[in-house]
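A quick write-up on the structure given underneath.
Indexing begins at 1, ligand by ligand and atom by atom, following the structure's order. Predicted, not measured: the structure shown is a model, and the values here were computed from it. Index from 1, following the sequence.
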Amino acid sequence: MVEYICSRGSSLRLRELLDTTCRLANTLKKYGIHKGDRVAIYMPVTPLAVAAMLACARIGAIHTVVFAGFSAESLAGRIIDSGCKAVITYNQGVRGGRVVELKKTVDEAVKNCPGVKHVFVAQRTDNKVHMDDRDIPLEEHVFDYQQGDVFGCVADIGWITGHSYVVYGPLCNGGTSVLFESTPLYPDPGRYWETVQRLKINQFYGAPTAIRLLLKYGDKWVKTYDRSSLKTLGSVGEPINHEAWQWFYRVVGDSRCTLVDTWWQTETGGVCIAPRPSEEGAEVIPAMAMRPFFGIVPALMDENGKVIEGNDVSGALCIAQPWPGLARTIYGDDQRFIDAYFKKYPGYYFTGDGAYRSPEGYYQITGRMDDVINISGHRLGTAEIEDAMDEHPAVPETAVVGYPHEIKGEGAFAFIVLKEDTVQTENVKEELKSIVASKIAKYAVPDHVLVVKRLPKTRSGKIMRRVLKKIVTNQSSDLGDITTLDDPIIVAEIVDAYEKYKTEQSASS
Ligand code: WT7
């Protein structure tokens, strides 16, 4: 049975209306709209306006529907009189062949309404409008997911990306989500792109580690398949190095798709810092997480625990206010939760990561704070050295750790993986050193470069630098907890390579 027939020709079944209503009701709740709160609806007669009324009713909020032809002043009057906490509107309206600037009018109105905490903005036209921190886009994500799209997050459900972006996120949004049961190399390195072609995937979300792995096998595995369905590519899990970013963007996305580097953590529940390409004038800078997501207030801290103001600065990345997805505790151990995340910087959630805020105010994640090394007084993230070295065409993957150095305090020790057909290994090592010297500085050049077949990784694809650090500090007999390691044989391989290297070194000195 068709329940609503719109004058523009579309129709809405009860089932769809219920879906939309529930989704919107959940969004309102998520942003703190409770029973008894007042919400202004400033929308023309559309299915979503109906859903907005029902969504309020569903959660016990009280709606005041304001005729979408009223001025900013009239709207403000109604918001103030009824003490509204939120407004629901469209970016623009279309009436009698004319575009109506609904969001602009709301912006004007809420200037004088301090009680309004959020403005929820749906898309009626394709035009982009100005968005503030207070504004919540109803249909845009980081991934620009539109109804009907096929969202392909290839993460395992055994880690948070799978929870939030294979299961809960797509379901909450009534989306279509892909369950990828395989691995990127089986039966061959074209598996992802064959899946994209077969299922017509629109958003592809994966990890830098897989991209670096596939890059090693060349472009042909990608180019064999039709990827024209792809609109957005996403990366998560580690800082994505420039080479991997460019390959993902140029080869996989044919320089046509948006590539978003999304930063978040298991503890944050969902994406916290990421580009928002669907917004007016938004830019995407390669290998940069860019902008805080709605409701996220990042802060950078210095070594004395003080907030660092201004731009072009680096520090420990904290978040200053709670947000809906934040973990509540460590199950059964509240104190451990407090100690791990809230002790170091009282009043702030500490992420454990370091970040740089660019002159434009954009964020770049520089890696785990534990991975910061101090060479002759220069502090730098090992990810920075890795990123520079990864640019070498023969080197798909590297891992750098610090080790005690008599003169410099700490020195950099690099582990590198070479492409299969690489011959001139010694030349590559020298080239790597000069790349680091020119891209970063002479002091950052690793003292040691050791070629290994593979790097030790967790099952979710993160390099376990902690294990490498134990090896280079001669503690390989006590590697700590390595139960999350994907393949323990790799460690034995590396220990062997390291012992051999040490023997060679002492013979030559
Ligand atoms: C840590 C969280 C987020 C779901 C998967 C991992 C690192 C994550 C990025 C990124 C640089 C990143 C951080 C973070 N990380 N995304 N885009 N750029 N670093 O969840 O296992 O809880 O790991 O992964 O170090 O703290 P997780």
Side-chain angles (χ1 to χ4, degrees), residues 142-143 153-169 204-212 232-245 248-249 258-277 284-293 296 298 300-301 314-319 323 325-327 330 337 340-341 344 348-358 362-372 381-387 390 399-400 457-466 481 483-486:
V142 172
F143 293 101
C153 170
V154 290
D156 194 283
I157 52 164
W159 54 309
I160 190 72
T161 312
H163 276 59
S164 299
Y165 293 93
V166 176
V167 181
Y168 291 106
F204 180 88
Y205 195 21
T209 175
I211 300 304
R212 283 194 297 263
T232 313
L233 305 172
S235 161
V236 61
E238 280 178 286
I240 181 165
N241 53 297
H242 279 85
E243 193 196 15
W245 197 98
F248 200 12
Y249 179 76
T258 313
L259 170 47
V260 288
D261 177 12
T262 64
W263 175 87
W264 55 294
Q265 308 180 295
T266 302
E267 301 84 338
T268 70
V271 170
C272 286
I273 304 184
R276 299 202 300 266
V284 179
I285 298 176
M288 222 179 180
M290 309 283 298
R291 299 163 67 195
F293 199 59
I296 303 293
L300 297 181
M301 300 292 180
S314 298
L317 178 65
C318 290
I319 304 179
W323 64 99
L326 171 62
I330 291 172
F337 183 63
Y341 303 101
K344 192 148 188 204
Y348 292 83
Y349 167 83
F350 175 45
T351 66
D353 287 335
Y356 163 72
R357 187 163 54 225
S358 76
Y362 296 138
Y363 289 86
Q364 174 147 40
I365 311 301
T366 50
R368 301 294 297 167
M369 288 301 277
D370 307 343
D371 293 333
V372 168
T382 52
E384 295 172 63
I385 307 178
E386 291 165 10
D387 189 15
D390 287 343
V400 172
K457 289 188 187 165
T458 63
R459 266 168 234 139
S460 64
K462 281 196 213 302
I463 298 170
M464 283 179 96
R465 291 181 188 74
R466 178 169 62 77
D481 179 10
T483 48
T484 57
L485 204 61
D486 186 38

Report task. Applying side chain to side chain contact (heavy atoms under 4.5 Å, CB included), name anything that partners A155, two or more places apart in sequence or on another chain. Result ->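 Per chain and number, A155 pairs via side chain to side chain contact (heavy atoms under 4.5 Å, CB included) with C153, W159, T161.
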
Requested in this report: Please assess W263 against Y363 for the test side-chain contact (heavy atoms from CB on, under 4.5 Å), listing each intermediate value before the final yes or no.
Outcome: CA-CA 10 Å; W263 175 87; Y363 289 86; over 6 Å; no

Query raised in the report: Under 30°, 30 to 60°, or over 60°: which ring-plane class applies to Y349 and W323, parallel, tilted or perpendicular?
Result: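 Rings of Y349 and W323: perpendicular, over 60°.
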
Query raised in the report: Under 30°, 30 to 60°, or over 60°: which ring-plane class applies to W245 and Y249, parallel, tilted or perpendicular?
Result: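 Ring orientation, 0 to 90° scale: parallel.
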
So what's ligand 1 close to, N/O to N/O, under 3.5 Å?
unit_1	atom_1	unit_2	atom_2	d
ligand 1	15 (N)	G237	O	3.3
ligand 1	16 (N)	G237	N	3.1
ligand 1	17 (N)	D261	OD1	2.7
ligand 1	17 (N)	T262	O	2.7
ligand 1	18 (N)	E238	O	3.4
ligand 1	19 (N)	P239	N	3.4
ligand 1	22 (O)	T266	N	2.8
ligand 1	22 (O)	T266	OG1	2.5
ligand 1	23 (O)	K462	NZ	3.2
ligand 1	24 (O)	G237	O	3.2
ligand 1	24 (O)	K462	NZ	3.0
ligand 1	25 (O)	D353	OD1	2.7
ligand 1	25 (O)	D353	OD2	3.1
ligand 1	26 (O)	Q265	NE2	2.8
ligand 1	26 (O)	D353	OD1	3.3
ligand 1	26 (O)	D353	OD2	2.6
ligand 1	26 (O)	R368	NH1	2.9

Report task. Evaluate the salt bridge (Lys or Arg N to Asp or Glu O under 4.0 Å) criterion for residues E386 and R465: first the C-alpha distance (whole Å), next the side-chain angles of each, then the deciding distance (0.1 Å), finally the verdict. Result -> CA-CA 12 Å; E386 291 165 10; R465 291 181 188 74; 2.9 Å; yes

Query raised in the report: Just by distance, do the side chain of R212 and the backbone of A207 share a donor-acceptor pair under 3.5 Å?
Result: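 No, the answer is negative, given that no donor and acceptor are paired below the 3.5 Å cut-off.
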
